Amino acid sequence: MPIFNLVKKLLKQECSARQPRIYPRPEHTISRSQISPNALKVLYRLKSAGFRACLVGGCVRDLLLGREPKDFDVATDAHPNQIRELFRNCRLIGRRFRLAHVHFRSEIIEVATFRSAVTSREGGDWLKQEETGRVLRDNVYGTIEEDAWRRDFSVNALYYDIADFSVVDYVGGMEDLRNGLLRLIGDPGQRFREDPVRMLRAVRFKTKLGFRLDHQCEAQLPHLASLLTDVPPARLYDEVLKLFLSGNAVQTFENLRHYNLFAPLFPSTDIALSQEHEGFPLVFLVKALENTDLRIQENKAVTPYFLYAALLWEPVRLAAERIQAEGQAPVIAMQEAVSEVLSAQIKHVAIPRRVTLPMREVWTLQPRFEHRLGRRPFRLLAHPRFRAAYDFLLIRSESGEADPDLAQWWTRLQQANGEERRKMTTGQKRRRRRRSRRRTTGKQDPASS
Ligand code: ATP
Ligand code: MG
């Protein structure tokens, strides 16, 4: 009876797949001394109140790989209100799913209740799914096992159980970790459709961990990439930052382009890069990303606005060139180009105003570097955004897009004393004055300003 045997075999496989593999303390490398004392406090308090409490996700993965975790996430069978009762310093957050944030002076420990991934059949009111398969709401509490299966990659679904210090593995994550394999749990096509952001996460973890992407996942990426356009732009803002501020921005950028994932995020930049013939647009972006990676390596601050300004510079520059060719003065052309590019971009990745304001400044200060005479250079030097704009100019000049003499002149001006500065900024004053008068009478000279 072959069909009967097949059913029996499948049932057996199902059962064994659902048995977790438990790695007791001697069989793994996680020691409590590597765990943040605040996370331990949270785990122990939950445990002594009778709840199951585990570390989960990126922190377990990173600890097992000998890396320092960015943050510590806790998963528990306690419900949000029960968590709140245990911790004075706790706030419940999240609309899509309720999470508890336990606040300490130097860090926040995120505590989430075990959740299950619901299917349309069982989901009822809780599940909202689009035609493309994208899950819009999935707030259903579940068991630890269900919690493991709803996670994205097997290496992100390992639990460190504070009850006996073991690692609990429902999905074969330990083996994948040992083999350097990034594998989605379940059917890759379905999992990417449910949440297209997982495609960006695939690139992020592949690059960050130096892992191989499982063949089936990899094969899905290029033709599901366009689903990213369905993701709310506000959610993509943070994802883009995580992608490019990971310390491997150049490689991330190359991988995103390789899997067709860059275009849905930055369509105007992608078009500009594909039209390039002089070479420098790509060189500029790669240099800016190299610069970001270097700053992260040196523990220097990296600002989201500078990164976004670099990512969108090429379309801004091309639009400014076009508007200028239509007869507008360079500074005005730049302002118009900035508005045009930003209003198109925020439909894809919503960049908040607190970030677009300094981006605008960095961009619109660029044509002002051309003015080296009179008081204008000093006004520019005194501008609060001068330093960032000057750093931006340096990258432009290193990539061959801006005149290297111009960048050097601004470097010298900053280093010069009063007398030297005066010498550098005098000469040809009469001509300049006449030009600016002409502009105020409304006769625009495209070559001026
Ligand atoms: P990082 O070190 O960058 O923080 P991480 O794995 O901790 O990596 P988070 O974004 O902090 O990533 O997410 C925490 C965990 O939540 C993940 O490890 C994964 O188990 C789960 N998770 C996050 N995003 C998704 C998603 N889109 N789909 C399924 N599971 C997810
Ligand atoms: Mg994390």
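For ligands, and for the atoms within them, numbers begin at 1 and follow the listed sequence. No experiment lies behind these values; they were computed from the predicted model shown.
- Under a cutoff of 6.0 Å and an axis angle of 45°, R201 and F153 do not form a cation-pi pair.
- For Y308, the ring pair (Phe, Tyr, Trp, His ring centres under 6.0 Å) partners two or more places apart in sequence, or in a different chain, are Y237.
- Between the side chains of N38 and S36, no donor N or O sits under 3.5 Å from an acceptor N or O.
- Salt-bridge annotation for R235 and D195: present, with a side-chain N of the basic residue lying under 4.0 Å from a carboxylate O of the acidic one.
- Within 4.0 Å of ligand 1, protein heavy atoms belong to G57, G58, R61, D62, K70, D73, R150, R151, D152, N156, D195, R198, R201, R204, F205, K208, R235, K242, listed by chain and number.
- No side-chain heavy atom of I30 sits under 4.5 Å from any side-chain heavy atom of L55.
- Checked against the 6.0 Å centroid threshold, F284 and F392 count as a close aromatic pair.
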